[in-house]
Amino acid sequence: MPPEKEGLRREAPVLLRTDHGSLVEGVVDLAFREEVSDFAGWTVVDFKTDRELEGSTDRYLGQVRLYSMAVSEATKLPARGVLLVV
């Protein structure tokens, strides 16, 4: 992978074993590595439409939280999640 793309992932599969032993599997829409004054690590973005979000906000926030945990575990770097409504 070219060096300029090492910190960028699109449609990346993730797998996480939770503390309870369950496996969580999914596909991260977008993840990028960044270093700013208050954060250095990965930002995981999950895109949702208005229709998808209606009545399911907690579910989707939990989903992006798990995806962020999976990215953090895989990279050994901090990760934060963003739910982006389009």
Side-chain angles (χ1 to χ4, degrees):
M1 178 174 293
E4 68 274 8
K5 298 211 178 189
E6 287 180 7
L8 177 67
R9 301 287 184 274
R10 293 185 190 109
E11 299 296 324
V14 292
L15 184 65
L16 173 71
R17 183 175 302 276
T18 67
D19 293 338
H20 304 323
S22 299
L23 285 177
V24 176
E25 182 179 19
V27 177
V28 171
D29 292 332
L30 173 67
F32 57 92
R33 193 166 166 192
E34 62 180 331
E35 290 190 29
V36 292
S37 62
D38 64 339
F39 181 76
W42 288 90
T43 297
V44 177
V45 182
D46 194 25
F47 297 103
K48 298 294 178 201
T49 64
D50 287 344
R51 250 188 204 145
E52 284 179 298
L53 199 60
E54 284 181 22
S56 300
T57 304
D58 290 341
R59 178 175 151 219
Y60 290 126
L61 287 173
Q63 179 183 14
V64 76
R65 189 175 302 117
L66 288 169
Y67 287 177
S68 298
M69 290 169 56
V71 169
S72 180
E73 187 173 301
T75 63
K76 306 298 184 224
L77 292 170
R80 60 184 176 182
V82 175
L83 194 57
L84 184 62
V85 181
V86 292

Closest non-hydrogen atom pair, Ser68 against Ala79: O-CB, 3.3 Å
In terms of heavy-atom contacts, Leu15 and Ala70 come closest through O-CB, 4.2 Å
Keeping Thr75 on the side-chain end and Val71 on the backbone end, is there a donor-acceptor pair under 3.5 Å? yes
Hey, does the side chain of Ser72 reach the backbone of Leu77 with a donor-acceptor pair shorter than 3.5 angstrom? yes
Side chains of [X] and [Y], heavy atoms from C-beta outward: is any pair under 4.5 Å?
| X | Y | value |
| --- | --- | --- |
| Leu66 | Val64 | no |
| Leu61 | Leu83 | yes |
| Asp46 | Gln63 | yes |

Any link between Leu8 and Val44 through a network of hydrophobic side chains (Ile, Leu, Val, Met, Phe, Trp, Tyr) touching at under 4.5 Å? no
So with a 6.0 Å cut-off around CG of Asp38, is the heavy-atom count from everything else above 12? yes
Side-chain donor-acceptor contacts of residues 23-36 below 3.5 Å, not counting sequence neighbours, with atom names and distances?
{"from": "Asp29", "atom 1": "OD2", "to": "Phe47", "atom 2": "N", "distance (Å)": "2.8"}
{"from": "Glu34", "atom 1": "OE2", "to": "Thr43", "atom 2": "OG1", "distance (Å)": "2.5"}
{"from": "Glu34", "atom 1": "OE2", "to": "Arg80", "atom 2": "NH2", "distance (Å)": "2.7"}

